[in-house]
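Beneath this line is the structure, given in structure tokens, with notes to follow.
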Amino acid sequence: MMTGVYLGALAGIAVALAVLMAGAWVVQQRTGNSGWVDTIWTFSLGLTGAVSSLWPIDGAAPDARQWLVAVLVAAWSLRLGSHIAARTQHISDDPRYAAYAAEWGADAPKKMFFFLQNQAYATIPLVFAIFVAAHAPAGSLRLQDYLGVLILIVGIAGEGLADSQLKAFRQDPANKGKVCDAGLWRWSRHPNYFFQWFGWLAYPVIAIPFAAEPLSYLWGYAAVAAPLFMYWILVYVTGIPPLEEQMLKSRGDRYRDYQARTSMFFPLPPRRSATP
């Protein structure tokens, strides 16, 4: 019975994300600004995550954990989505997606549609992690639930701080053409991505039955897929690689020196500069 419910939730999440990202494609095609894609993706993840968190099982009203997880994912989505939307308003296009469009040529609209559908299906593990965390059958809130809250708060706050430090650096005319290495950016080349990944650790912490029988909620272990997938996508696919390629083109040796002395992802003390 429960297997059918969870598989049904998985299918519902997949359909919802596919529809929402089809909407992102329509917006991108009409505005010509692919920056809205990431905005809509963030809000779509937050919406499907919150709705799936509160989804009743066997007609039962949402419990405290379901409401807690729904609030967590909504807070994350609103913070990040609002930040991306504000940034998108001041650009004509996102350089990463623009590079794809230039490569695709006349097939760009069709290939962009399927690219965004793939992005929708790749998001399923993230939303399903939220779902299984929200529906952990442990009754009242536990210490690990509050630990999950703390982890996500640190993730949201760290990502927000990194974004604000980068924004302040870019707004100073004296920094034009320079590489931001102030604050968190001195310890990591991508602290915003690190804290975004860190926040996803909250869901396996909430979902896995640490204090109960290890096999009492096998679905909870599915939440581990969220931080694993987010790390892979940020570090190896659509996060760091295209961004660093763009920075090397625009900043050249300055960015190479920054790469030589600064950790790529995890915040670590900076190394000695590679150049005098």
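Note that these values count all heavy atoms, side chains included, but never hydrogens, waters or copies made by symmetry.
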Given the rule that I, L, V, M, F, W and Y join up when any side-chain heavy atoms are under 4.5 Å apart, are Val19 and Phe113 in one cluster?
no

Is there a donor-acceptor pair under 3.5 Å between the side chain of Asn118 and the backbone N or O of Phe114?
yes

Pairs meeting criterion salt bridge (charged side-chain N to carboxylate O under 4.0 Å, His left out) with involvement of residues 173-194, two or more places apart
Asp181-Arg261, Arg189-Glu244

Quick check: do Trp76 and Thr42 have side-chain heavy atoms less than 4.5 Å from each other?
yes

Rounded to the nearest 0.5 Å, how far apart are CD1 of Ile91 and CH2 of Trp36?
9.0 Å

Taking side chain to side chain contact (heavy atoms under 4.5 Å, CB included) as the criterion, tell me which of Leu72, Ile151, Val132 meets it with Tyr203.
Leu72

Donor-acceptor pair, Arg256 side chain versus Leu248 backbone, under 3.5 Å?
no

Any donor-acceptor pair under 3.5 Å linking the side chain of His135 with the backbone of Trp55?
yes

Minimal heavy-atom distance between Ala101 and Ala108, with the atoms involved, is O-CB, 3.9 Å

Mind checking whether Trp187 and Leu161 sit in one hydrophobic cluster, side chains of I, L, V, M, F, W, Y counted as touching below 4.5 Å?
no

If you take all heavy atoms of Ala182 and Gln165, which pair is closest and at what distance?
O-OE1, 3.9 Å

If the plane angle is over 60° it's perpendicular, under 30° parallel, otherwise tilted; pick one for Phe115 and Tyr100.
tilted

In Å, rounded to the nearest 0.5 Å, how long is the span from CH2 of Trp104 to NZ of Lys110?
12.0 Å

Could you pull out the closest heavy-atom pair between Thr48 and Ala16, with the gap in Å?
CG2-CB, 3.8 Å

Between Tyr6 and Ile57, does a side chain to side chain contact (heavy atoms under 4.5 Å, CB included) hold up when you go through it step by step?
CA-CA 9 Å; Tyr6 277 65; Ile57 293 182; 4.2 Å; yes

Return the minimal non-hydrogen interatomic distance between Ala98 and Asp93, and the atom names on each side.
CB-OD2, 3.5 Å

Salt bridge (charged side-chain N to carboxylate O under 4.0 Å, His left out) with Asp163: of Arg170, Arg87, Arg79, only one passes, and it is Arg79

Ser77 to Phe43 - nearest heavy-atom pair and separation
OG-CA, 3.4 Å

Nearest 0.5 Å please: distance from the CG atom of Leu47 over to the CG atom of Leu17.
9.5 Å

Determine the interplanar angle of the Phe198 and Phe195 rings, folded into 0 to 90°, and report it as parallel if under 30°, tilted if 30 to 60°, perpendicular if over 60°.
perpendicular

What's the separation between atom OH in Tyr255 and atom NZ in Lys249, rounded to the nearest 0.5 Å?
14.0 Å

State yes or no: do Val237 and Leu228 share one hydrophobic cluster built from I, L, V, M, F, W and Y residues joined by side-chain heavy-atom distances below 4.5 Å, directly or via other members?
no

Measure from the side-chain N and O atoms of Asn175 to the backbone N and O of Cys180, and report whether any donor-acceptor pair falls under 3.5 Å.
no

Side-chain touch Tyr231/Phe265, heavy atoms, less than 4.5 angstrom:
yes

Would you call the rings of Phe131 and Phe128 parallel, tilted or perpendicular, taking 30° and 60° as the class edges?
parallel

Using modelled atom types and a 3.5 Å cut-off, is there a donor and acceptor pairing between side-chain atoms of Asn192 and backbone atoms of Ala162?
no

Check whether any side-chain heavy atom of Trp200 lies under 4.5 Å from a side-chain heavy atom of Ile130, and answer yes or no.
yes

Donor-acceptor check, side chain of Gln119 to backbone of Met21, threshold 3.5 angstrom: yes or no?
no

Is there a chain of hydrophobic side chains (I, L, V, M, F, W, Y, each step under 4.5 Å between heavy atoms) that links Tyr97 to Ile240?
yes

Check for a donor-acceptor pair, side chain of Asp145 on one end and backbone N or O of Arg142 on the other, with a separation under 3.5 Å.
yes

Between Arg96 (side chain only) and Pro242 (backbone N and O only), is there a donor and an acceptor less than 3.5 Å apart?
no

Calculate, to the nearest 0.5 Å, the distance between atoms CG and CE belonging to Leu201 and Met230 respectively.
11.0 Å

For the student: nearest non-hydrogen atoms of Ala207 and Ala136, plus distance:
O-CB, 4.3 Å

Kindly indicate whether the side chain of Leu243, heavy atoms from C-beta on, has any atom under 4.5 Å from the side chain of Tyr193.
yes

About how many Å separate CZ of Arg65 and OG of Ser53, when rounded to the nearest 0.5 Å?
12.0 Å

Would you mind reporting whether Val127 and Leu45 have side-chain heavy atoms less than 4.5 Å apart?
yes

Is there a side-chain contact between Asp94 and Val37 in this structure, where contact means two heavy atoms from C-beta onward sitting under 4.5 Å apart?
no

What about the rings of Phe266 and Trp197, do their centers lie closer together than 6.0 Å?
yes

Say whether Phe194 and Val235 are linked into one hydrophobic cluster, either directly or through other cluster members, by side-chain heavy-atom distances under 4.5 angstrom.
yes

